[in-house]
Trainee: 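Following this message is one structure expressed as structure tokens.
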Amino acid sequence: MSNKKKMEVLYFVEQYIKRYGYPPTVRDIGKGLGYRSPSTVHGYLRQLKEEHLIESDGSKPRTLHINSRVLLKVRLLSCYSQYTGWSVC
């Protein structure tokens, strides 16, 4: 998975939690990022979990969260993107 795709998913999850107060579902992520297949989203989430960028309890719904150290980087990069014109979404 490309770094841009990672940032898109991480930024989407962070913004969704910030807006609604709870984590998005796989379908929410797919719809928000324009992915038609839930398996695509599952694949990205699996890779992010393997890299310890996100965590979740697979036995419970809506337990997705971003590792706190990664969250700071996501926020810094989103601020940086405002000045460079680079967009993660």
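Since this is a predicted model, take the numbers as computed values, not measurements. Numbers for residues simply follow the sequence, beginning at 1.
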Trainee: Could you state the interatomic distance from CZ (Arg19) to CZ (Phe12), rounded to the nearest 0.5 Å?
Mentor: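 The distance works out to 9.5 Å.
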Trainee: Mind checking side-chain hydrogen bond (donor to acceptor under 3.5 Å, both in side chains) for Lys49 and listing every partner two or more places apart, or none if nothing turns up?
Mentor: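 Once residues adjacent in sequence are excluded, the partners of Lys49 under the side-chain hydrogen bond (donor to acceptor under 3.5 Å, both in side chains) criterion are Ser56.
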Trainee: Is any side-chain heavy atom of Thr63 closer than 4.5 Å to a side-chain heavy atom of Pro23?
Mentor: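 The answer is no, as the side chains (C-beta and beyond) never meet within the 4.5 Å cut-off.
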Trainee: Please list, chain by chain and in numerical order, all residues satisfying side-chain hydrogen bond (donor to acceptor under 3.5 Å, both in side chains) with His65, sequence neighbours excluded.
Mentor: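 His65: side-chain hydrogen bond (donor to acceptor under 3.5 Å, both in side chains) contacts with Glu55.
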Trainee: Check side-chain contact (heavy atoms from CB on, under 4.5 Å) between Ser37 and all other residues, then give those that pass, not counting sequence neighbours.
Mentor: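 Partners of Ser37 by the side-chain contact (heavy atoms from CB on, under 4.5 Å) criterion, ordered by chain and then number, come out as Ser39, Thr40.
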Trainee: Quick one: sort the Tyr22 and Tyr16 rings into parallel, tilted or perpendicular, breaks at 30° and 60°.
Mentor: perpendicular
Trainee: Are the side chains of Leu64 and Ile29 in touch, meaning some heavy atoms are under 4.5 Å apart?
Mentor: yes
Trainee: Side chain to side chain contact (heavy atoms under 4.5 Å, CB included), that's the test. Do Val13 and Ile54 meet it? Break it down for me.
Mentor: CA-CA 10 Å; Val13 171; Ile54 62 172; 5.8 Å; no
Trainee: Checking Arg46 now: which residues fulfil side-chain hydrogen bond (donor to acceptor under 3.5 Å, both in side chains) with it, not counting sequence neighbours?
Mentor: Glu50
Trainee: Would you sort out whether Tyr35 and Glu8 count as a side chain to side chain contact (heavy atoms under 4.5 Å, CB included), showing the intermediate values?
Mentor: CA-CA 12 Å; Tyr35 299 127; Glu8 286 176 346; 3.5 Å; yes
Trainee: Could you walk me through whether Ile66 and Leu53 pass the side chain to side chain contact (heavy atoms under 4.5 Å, CB included) check?
Mentor: CA-CA 6 Å; Ile66 301 173; Leu53 299 174; over 6 Å; no
Trainee: I'd like to check the salt bridge (charged side-chain N to carboxylate O under 4.0 Å, His left out) partners of Arg62; sequence neighbours left out, ordered by chain and number.
Mentor: Asp28
